[in-house]
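Predicted, not measured: the structure shown is a model, and the values here were computed from it.
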Amino acid sequence: MDDSSSRDSAAGPKRKDARRNQQTLLDAAAALFVTSGVDVPVRDIAAEAGVGVGTIYRHFPTRADLVIAVYRHQVDACAEAGPELLATCPTAHAALARWVELFVDFLVTKHGLAAALQADSTGFEALHDYFLDRLLPVCAQLLDAAAACGEIRSGLDAYQLMRGIGNLCIGAESDPRYDARALVKLLVAGLHQPR
């Protein structure tokens, strides 16, 4: 009898647990990056995730590795939310509006990412490409769905919208009186086409 299937089934749950532990760690790091920036002590991240400091270093040998992993994790979550929202929101425009809120949260909460990766311009460019590759199609899908329902005009460019939202988020981190979320909400409301 071939025992490879028993090895696979034994490895399967372990891999699932390892992925779940890594997700917990990335969620904890992301939450602390929001409140304390990317320079938060590793021991604080470990405590928040309920793991030892060694576990973090085993998965992410450098702070830049951890920051990149958190960034990718958040991009993936934002990308995966698009189709989910289309399936669960009452209208395509509502799905677009909710997704844009998630996108704005992502943009305004990635404290210090550029500074943490400054020394590695190639890595930063690769992350930017990953960001565009994952999020542009989702934004385009949401725009197309809302246009197909007649909720917004057709022909809106996903890149232009994302770029405009990004520009509205500049300064949110440094000026407590500036409310990027409110301005982006106005932008998305302006896309709506009354029937």
Side-chain angles (χ1 to χ4, degrees), residues 15-85 88 95-139 142 162-163 165-176 178-185:
R15 280 192 210 116
K16 218 181 251 185
D17 285 347
R19 279 194 301 271
R20 189 172 35 250
N21 290 343
Q22 191 166 3
Q23 295 291 98
T24 300
L25 198 154
L26 291 172
D27 288 338
L32 287 171
F33 286 177
V34 170
T35 58
S36 306
V38 295
D39 293 326
V40 64
V42 171
R43 70 180 172 278
D44 293 356
I45 296 170
E48 181 75 18
V51 300
V53 171
T55 301
I56 294 178
Y57 285 118
R58 190 169 41 257
H59 289 289
F60 311 105
T62 69
R63 179 156 312 259
D65 293 333
L66 178 61
V67 171
I68 288 168
V70 167
Y71 181 89
R72 290 175 67 100
H73 176 63
Q74 291 178 313
V75 167
D76 290 342
C78 195
E80 291 161 11
E84 258 178 55
L85 290 168
T88 58
L96 173 65
R98 181 66 192 113
W99 185 81
V100 166
E101 287 174 9
L102 295 173
F103 180 59
V104 169
D105 285 345
F106 167 74
L107 292 177
V108 299
T109 59
K110 56 182 184 46
H111 298 292
L113 175 68
L117 300 174
Q118 221 166 25
D120 182 10
S121 63
T122 306
F124 187 75
E125 285 173 26
L127 262 181
H128 184 68
D129 290 344
Y130 184 77
F131 169 88
L132 291 175
D133 290 346
R134 290 287 284 144
L135 297 182
L136 269 176
V138 175
C139 186
L142 289 159
M162 288 175 59
R163 183 74 189 252
I165 291 167
N167 286 341
L168 287 174
C169 292
I170 293 171
E173 196 176 298
S174 59
D175 183 354
Y178 181 73
D179 189 351
R181 287 175 181 87
L183 287 174
V184 172
K185 232 178 220 179

query: Does a side chain donor of either His59 or Asp65 reach within less than 3.5 Å of an acceptor in the other side chain?
result: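 Note: His59 and Asp65 side chains miss the donor-acceptor criterion.
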Would you check if [X] and [Y] make a side-chain contact, meaning some heavy-atom pair closer than 4.5 Å?
X: Val38; Y: Val70; value: no
X: Phe33; Y: Gln74; value: no
X: Val138; Y: Arg134; value: no
X: Phe60; Y: Leu25; value: yes
X: Arg63; Y: Val42; value: yes

- request: Over 60° means perpendicular and under 30° means parallel, so classify the ring planes of Phe106 and Tyr71, tilted if in between.
  value: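 Geometry flag for Phe106 against Tyr71: tilted rings.
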Enter the distance from [X]:[atom1] to [Y]:[atom2] here, rounded to the nearest 0.5 Å.
X: Gln23; Y: His73; atom1: CD; atom2: NE2; result: 4.5 Å
X: Leu26; Y: Ile56; atom1: CG; atom2: CD1; result: 9.5 Å
X: Leu136; Y: Arg163; atom1: CG; atom2: CZ; result: 11.5 Å
X: Glu80; Y: Leu85; atom1: CD; atom2: CG; result: 12.0 Å

- request: Show the numbers, then the answer: is there a side-chain contact (heavy atoms from CB on, under 4.5 Å) between Ile170 and Tyr178?
  value: CA-CA 10 Å; Ile170 293 171; Tyr178 181 73; over 6 Å; no
field: All pairs passing side-chain hydrogen bond (donor to acceptor under 3.5 Å, both in side chains) where residues 44-57 contributes a residue, at least two apart
entry: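 Every side-chain hydrogen bond (donor to acceptor under 3.5 Å, both in side chains) pair that includes a residue of residues 44-57, provided the two are not neighbours, is Thr55-Arg58.
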Minimum-distance pair of heavy atoms, taken over all atoms of Ala79 and Leu135: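 Heavy atoms of Ala79 and Leu135 come nearest at N-CD2, 3.6 Å.
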task: Return the minimal non-hydrogen interatomic distance between Leu107 and Cys169, and the atom names on each side.
output: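 For Leu107 and Cys169, the tightest heavy-atom pair comes out as CD1-SG, 4.0 Å.
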For Arg72, all residues meeting side chain to side chain contact (heavy atoms under 4.5 Å, CB included), sequence neighbours excluded: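 With neighbours one apart ignored, the set is Ile68, Leu127, Tyr130.
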message: Could you work out, with salt bridge (Lys or Arg N to Asp or Glu O under 4.0 Å) as the rule, every residue matching Arg181, not counting sequence neighbours?
response: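 Asp105.
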